[in-house]
There are 2 protein chains.
Amino acid sequence: MGGERRDRRVVRSRRLLQDALMALVLERGYAAVTVQAVLDRADVGRATFYAHFTGKEALLLSIFEELRESIHRELAGITPATVARFGEGVGLLQPLFAHAAQHRRLYRALLGSRDGAALLHSLHEMLAAPLREHLEAAIAHHRRPLTAQVDLVVTAYVSAVLGVLVWWLEADLPYTPQEMDRVIERLMSLGMGRALGLHSDMGAPAPGWEGEEAPVDRTRDHNRELRRAARAPGPHGVDR
Amino acid sequence: MGGERRDRRVVRSRRLLQDALMALVLERGYAAVTVQAVLDRADVGRATFYAHFTGKEALLLSIFEELRESIHRELAGITPATVARFGEGVGLLQPLFAHAAQHRRLYRALLGSRDGAALLHSLHEMLAAPLREHLEAAIAHHRRPLTAQVDLVVTAYVSAVLGVLVWWLEADLPYTPQEMDRVIERLMSLGMGRALGLHSDMGAPAPGWEGEEAPVDRTRDHNRELRRAARAPGPHGVDR
DNA sequence: TGAATACCGAACGACCTGTTCAGTATCGCC
DNA sequence: GGCGATACTGAACAGGTCGTTCGGTATTCA
């Protein structure tokens, strides 16, 4: 968005820096790459770098911005309506895993070690936002106002997906993207439907867990208890 | 293990440094803490620091080693046998969430931002190892040799748990540890049992997803295809 | 008490960061 | 084609961190 950058020198410098970072990340891993090294590799002046990016991470994210568009393009074919029906083989995740497979060297370098935190967080939001959005719509349609649990369920789902994605990359893609999509859907859909009170087709239409009282009250009490406990710790203390 | 450190000066220095790091992490976050700051806060010589730890992260992990023992102690009451029966309210996760609640300030500081990568990884293994171990035993008992999928399921489960744990901490503990345990169990158990072919009490005893052929063969072919595609990228290339 | 050893403190070189500035090259556009 | 605008260069800057070294001092163990 806002993509009109006319001056060739600008695009050239940016691309040189991005390519240099990519190469160095693949060679040494993100954490081990220094701005200085990027400068040397790209053969770009120090001042120029800081004229374009605020630092190493900004450069990384600028690269990922292109990947984001790429993912978005691939995901465009999937309408929000499709997300709802978990019980059927939707293939929501297939594009994600396919994209990761295509760019697997970069994904591995960025997600594998601890450097991936920023990227993982970005991916998390990228998946969580539309999912949450649609789940809330679906719930409203079924007239079940359980918004708090939606966050929890979405978090669990996206965390599981990304965890499995990393595992899958490090295991050298033992299954196809299609298979990954199916096994994850198979793993998660039942429980998600149950937790959200959807899936009326299922045997158990969600009894329990917030059962007898409103969770808010018990929650507040619980927090107070914990805070009290934390303020007056034992002999050797907790949370020191 | 190997715990005999007799010289008081040693334990004093280590504790001073650990406490200083803890305090600074709570104040500024792990990434913003510098070795120099720890030295100043602990009032310990630079040389002394490097006599004990190889760097900032080693110091952090030495702190977490104590938490690890603490978690291990709490988890000790839960026999591996208990882990199997997902369908019942086991409470496997309750100690984890309780421990996180007790130490929530530290957990939040360490897990919240991107600094937590090392710690999350450590926690991941801590949870995954016994779970994997027991699931394999359970599967062997049911005579289903599906070892490859165990890794995937364990990864998904642990990732979901840790993701939700972070969410729960940042949402300021909206539920009790017991509730968290129950909702996660409710969310995950059905699908896990289904994916592993356990849960014979369920309606669907796991048909599908690895259906018609052995997954290994299709897998190998798939990998070869992907590798070929990656070596001969399009005009502007993928995974550049 | 005496020998072992952990600590101090100061200094070291090496590295990285982010900013500045005058001079030069390249660009977009009329 | 040419001109004004703009991006880049290159070098230097101060400020910071890191990990190591060393002789001298203090504490501890036995």
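Quick note on labels: first sequence line is chain A, next is B, and so on, each numbered from 1.
- Looking at the side chain of B:Gln36, the nearest of the listed nucleotides C:dA6, D:dC18, D:dC22 is D:dC18.
- When the P atom of C:dT17 is taken as reference, atom CZ of A:Phe53 falls 15 Å away, rounded to whole Å.
- Of the side-chain N and O atoms in B:His52, none sit less than 4.0 angstrom from OP1 or OP2 of C:dA6.
- Atom CZ in B:Arg12 sits roughly 14 Å away from atom P in D:dA26 (whole-Å rounding).
- Between B:Tyr50 and D:dT20 there is no side-chain polar atom (N or O) within less than 4.0 angstrom of OP1 or OP2.
- In this model, the phosphate group of C:dT17 is approached by a side-chain N or O of A:Thr34 to a distance below 4.0 Å at OP1 or OP2.
- For the pair A:Thr48 and D:dA7, the criterion of a side-chain N or O lying under 4.0 Å from OP1 or OP2 is not met.
- Rounding to whole angstrom units, CZ of residue B:Arg14 and P of C:dT5 are separated by 18 Å.
- No engagement by A:Ala51 is indicated, since no non-hydrogen atom pair under 4.0 Å with the nucleic acid exists.
- For A:Ser13, taking side-chain heavy atoms from C-beta onward, the closest of the listed nucleotides D:dC8, D:dT21, D:dT9 is D:dC8.
- Scanning atom types as modelled, one donor and one acceptor separated by under 3.5 angstrom connect the side chain of A:Arg46 and the base of C:dG18.
- Whole-Å rounding puts the A:Asp7 CG to C:dT26 C1' distance at 8 Å.
- For D:dC29, the OP1/OP2 oxygens have a side-chain nitrogen or oxygen of B:Arg8 closer than 4.0 Å.
- Summarising the geometry, the separation between CG on A:Leu39 and C1' on C:dT19 is reported as 13 Å, rounded to the nearest angstrom.
- Salt bridge annotation for B:Glu170-B:Arg104: absent, with no cationic side-chain nitrogen under 4.0 angstrom from a carboxylate oxygen.
- Under a 3.5 Å cut-off, the side chain of A:Glu179 and the backbone N or O of A:Thr176 do form a donor-acceptor pair.
- Separating the CG atom of B:Asp43 from the P atom of C:dA10 is a distance of 12 Å, rounded to the nearest angstrom.
- Here the P atom of nucleotide C:dG18 and the CG atom of A:Leu59 are 12 Å apart, to the nearest Å.
- In this structure a side-chain-to-backbone donor-acceptor pair under 3.5 Å is present from A:Arg108 to A:Leu169.
- No close placement of the A:Tyr175 and A:Trp168 rings is indicated, their centers lying 6.0 Å or farther apart.
- Side chain of A:Lys56 to backbone of A:Thr34: no donor-acceptor contact under 3.5 angstrom is found.
- Look at CD on A:Glu57: it is 14 Å from P on C:dT17, rounded to the nearest Å.
- Between the side chain of A:Arg9 and the base of D:dT6, at least one donor-acceptor pair of N or O atoms lies under 3.5 Å.
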